[in-house]
*Asks:* 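This is the structure, below, for whatever I ask next.
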Amino acid sequence: MKKSRYNVIIPYKTAYILFNTRTQSLILLTKEFLDFFDSVKDVESLPEGYKGALKSIGAIVPDNYDEYIEITKSLESIDNDDTMFHVIINPTLNCNFNCWYCYENHSNKMIMDPQVLHKAQLLLYKKAIEERFKIIKLSFFGGEPLLQYKRVILPLLQYMNELKNSNDFSTIVHITTNGYLLNKERILELKELGVNSFQITLDGNEDKHNQIRFVSNNVGSYATIIRNIELICQSEMYVILRINYTSNNYNSLKDVFHHFGKFDSKYKQYIVISLNQVWQDIGNLSDNEIEWLYESANNAGLTLLSDLTEGRFQYACYADKRNQAVINYNGLVYKCNARDFTHESAEGILNDRGEIEWNERFHKRMSIRFKNPACEQCYMLPLCNGGCRQYAMEHEGQRHCILNFDENKKLRMIKSLIFCHNVSSSNIDVNILENSQMKSS
């Protein structure tokens, strides 16, 4: 047996957490046992009871077990999964808001026309009926997709439901929206058409949010969006409530947590909080201030989406998966929707038969993973997956790290993962190895 290369030690109250990033399991250690474990050169010399506990969380592994190879094999298996096809549709790149940090260029001319809509329907047919994927995941993005509610969203959902009613496949439907154009009738209609979840963003409390997301100088959007979030939850659909935080709106977020914290528990279960620092503001808040945000949301009884949730094996980035595509309003095809939709960054085109014709940029993306030597020895690999393929393409030929080789940031993200799931929760293995027990073994 040998010690795992993916063990991380984090102080916790009067003890220490030994967290294994490969298994996402942990154990609590006294300082005396931690010192003893650190000093042990031959793992086989550990008392059997302790070996069993440490082995159960992956903290020690067989001598011939190559953790790195197993991790890379698991990631490749996930990226090449052939049970689900995920298509993200951009009905338009236009938007009814003009948030200062948005990377997209908006225009009321950027609208999906009937020809591209028909091609998108053919794509759904090919994937569900001809290629027989078991799951079709349909997401709407933009721009603000609800600007094209009747012209694009409804026809696509109605068509997919027609296919589903006469064929054997299941669906997942998600809409990323600012939430302003929803209402009770639309929410009920979307539920009837199979929508499962929404992602909606707030930029602080009412005062701060309305300074960024407003209809006009005199009309904000906060109250309408809050009402629509509550209607969605009351309709028993899920909301990923993305909260964009900056040093400017930081202090106002306690009002948001308080509001949703006192929300009826019957409906609060449908809200998941995703805290995201606006990228132009990164570096303006300390680690302690950011940790306070997570603690405040947790203390309000809210479910948190960890910084790392989307980086763990089972949640590997959607754009890294082979069977995923973003169909832009003009028929150009992309993988990543976190970058601007330029002609130069397109990775394919949707042809008249509903087939995606991928270009060399796509093939390069799918072959670029695990070429960064900095990742092989890093304990964060099972969590960050070596960074996404998009990041790898943008840093090709460089020694790079998605976390900028910042040890403090790595530890903060691990702590957010642990505490978002609560140290004492049943899905995390927790034991305290007492030194007194060790001596008596």
Side-chain angles (χ1 to χ4, degrees), residues 1-74 287-288 291 294-295 298 306-309 311-313 373-386 401 403 405-441:
M1 299 293 288
K2 61 184 178 182
K3 296 177 184 178
S4 170
R5 68 168 77 174
Y6 299 107
N7 291 336
V8 183
I9 303 296
I10 298 172
Y12 178 67
K13 296 184 178 178
T14 60
Y16 290 85
I17 293 172
L18 191 164
F19 181 77
N20 186 271
T21 60
R22 181 178 62 84
T23 62
Q24 280 101 62
S25 297
L26 61 80
I27 198 163
L28 291 181
L29 308 177
T30 63
K31 185 179 187 307
E32 286 180 294
F33 185 86
L34 176 61
D35 291 340
F36 171 72
F37 184 59
D38 282 343
S39 69
V40 168
K41 303 299 182 185
D42 179 12
V43 171
E44 293 295 344
S45 68
L46 285 169
E48 285 301 320
Y50 298 111
K51 275 198 295 188
L54 294 166
K55 184 178 178 181
S56 71
I57 68 160
I60 57 175
V61 296
D63 287 326
N64 62 353
Y65 185 70
D66 192 323
E67 294 175 283
Y68 177 75
I69 293 297
E70 290 302 314
I71 288 167
T72 57
K73 283 169 58 179
S74 295
D287 286 351
N288 287 339
E291 286 181 18
Y294 283 91
E295 290 171 3
N298 191 50
S306 165
D307 284 350
L308 284 172
T309 297
R312 295 161 72 191
F313 277 174
C375 295
E376 186 169 350
Q377 299 299 322
C378 181
Y379 60 83
M380 287 295 290
L381 178 64
L383 299 180
C384 73
N385 300 339
C401 172
L403 300 173
F405 301 101
D406 186 332
E407 291 300 313
N408 289 329
K409 189 171 185 180
K410 292 178 184 179
L411 292 175
R412 180 178 65 79
M413 293 185 75
I414 289 174
K415 284 192 281 187
S416 80
L417 174 62
I418 293 171
F419 294 111
C420 281
H421 292 279
N422 217 332
V423 169
S424 61
S425 66
S426 60
N427 67 330
I428 293 182
D429 182 14
V430 179
N431 291 288
I432 295 183
L433 298 186
E434 297 287 355
N435 190 54
S436 58
Q437 294 176 329
M438 180 188 71
K439 290 177 179 176
S440 64
S441 297

*Asks:* Rounded at 0.5 Å granularity, tell me how far CG in Leu34 sits from OG in Ser39.
*Replies:*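 If we round to the nearest 0.5 Å, Leu34:CG and Ser39:OG are 9.5 Å apart.
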*Asks:* Just to verify, what does Asp42 make a side chain to side chain contact (heavy atoms under 4.5 Å, CB included) with, not counting sequence neighbours?
*Replies:*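 For Asp42, the residues satisfying side chain to side chain contact (heavy atoms under 4.5 Å, CB included) (neighbours in sequence not counted) are Glu44, Ser45.
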*Asks:* Measure centre to centre between the rings of Tyr50 and Phe37, then say whether the value is under 6.0 Å.
*Replies:*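 Tyr50 vs Phe37: aromatic centres not under 6.0 Å.
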*Asks:* Check whether any side-chain heavy atom of Ile17 lies under 4.5 Å from a side-chain heavy atom of Leu28, and answer yes or no.
*Replies:*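 Yes; the side chains approach each other to less than 4.5 Å.
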*Asks:* Once you round to the nearest 0.5 Å, how far does OH of Tyr379 lie from CG of Leu411?
*Replies:*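 It is 4.5 Å, given to the nearest 0.5 Å.
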*Asks:* With a 6.0 Å cut-off (strictly less than), is the heavy-atom count around NZ of Lys55, excluding the residue itself, greater than 12?
*Replies:*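 Not buried by this count: 12 neighbours or fewer within 6.0 Å.
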*Asks:* Is a donor on one side and an acceptor on the other found under 3.5 Å between the side chain of Lys51 and the backbone of Ile60?
*Replies:*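 It does not hold such a pair.
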*Asks:* To the nearest 0.5 Å, tell me how far Gln377 CD sits from Arg5 CZ.
*Replies:*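 Answer rounded to 0.5 Å: 4.5 Å.
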*Asks:* Is any side-chain heavy atom of Ile57 less than 4.5 Å from a side-chain heavy atom of Leu18?
*Replies:*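 Ile57 reaches Leu18 side chain to side chain.
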*Asks:* In Å and rounded to the nearest 0.5 Å, what is the NZ to CG distance from Lys3 to Asp38?
*Replies:*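 Spacing of NZ (Lys3) from CG (Asp38) equals 5.5 Å.
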*Asks:* Answer yes or no: does atom NZ of Lys73 have more than 12 heavy-atom neighbours from other residues, nucleotides or ligands under 6.0 Å?
*Replies:*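 Count not over threshold, so no.
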*Asks:* Can you check whether Met1's main-chain N or O pairs, donor with acceptor, with Asp63's side chain at less than 3.5 Å?
*Replies:*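 Confirmed, Asp63 side chain pairs with Met1 backbone.
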*Asks:* So Met380 and Lys409, do their side chains get closer than 4.5 Å, heavy atoms only?
*Replies:*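 Lys409 does not reach Met380 side chain to side chain.
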*Asks:* Minimum heavy-atom separation for Ile27 to Leu29, with atom names?
*Replies:*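 Scanning both residues completely, I find the closest heavy atoms to be CG2-CD2, 3.8 Å.
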*Asks:* For Asn7 and Gly58, which heavy atoms make the closest approach, and how far apart are they?
*Replies:*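 Scanning both residues completely, I find the closest heavy atoms to be OD1-O, 4.2 Å.
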*Asks:* Taking the side chain from Glu67 and the backbone from Tyr6, do they hold a donor-acceptor pair closer than 3.5 Å?
*Replies:*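 Between the backbone of Tyr6 and the side chain of Glu67 there is no qualifying donor-acceptor contact (under 3.5 Å).
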*Asks:* Checking Met413 against Leu383 for the side chain to side chain contact (heavy atoms under 4.5 Å, CB included) test, could you report, in this order, the C-alpha distance in whole Å, the side-chain angles of both residues, the deciding distance, and whether it holds?
*Replies:* CA-CA 10 Å; Met413 293 185 75; Leu383 299 180; over 6 Å; no
*Asks:* Determine the minimum heavy-atom distance between Ala374 and Phe405, stating which atoms define it.
*Replies:*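 So the two residues come closest at CB-CE2, 3.9 Å.
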*Asks:* State, yes or no, whether a side-chain contact exists between Leu381 and Cys375 at a heavy-atom distance under 4.5 Å.
*Replies:*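 Contact flag for Leu381/Cys375 side chains = yes.
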*Asks:* Would you compute the distance between atom SG of Cys384 and atom CD1 of Ile414 and round it to the nearest 0.5 angstrom?
*Replies:*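 Reported value, rounded in 0.5 Å steps: 10.0 Å.
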*Asks:* Is the closest side-chain heavy-atom distance between Lys410 and Val8 below 4.5 Å?
*Replies:*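 No, every pair of side-chain atoms sits at 4.5 Å or beyond.
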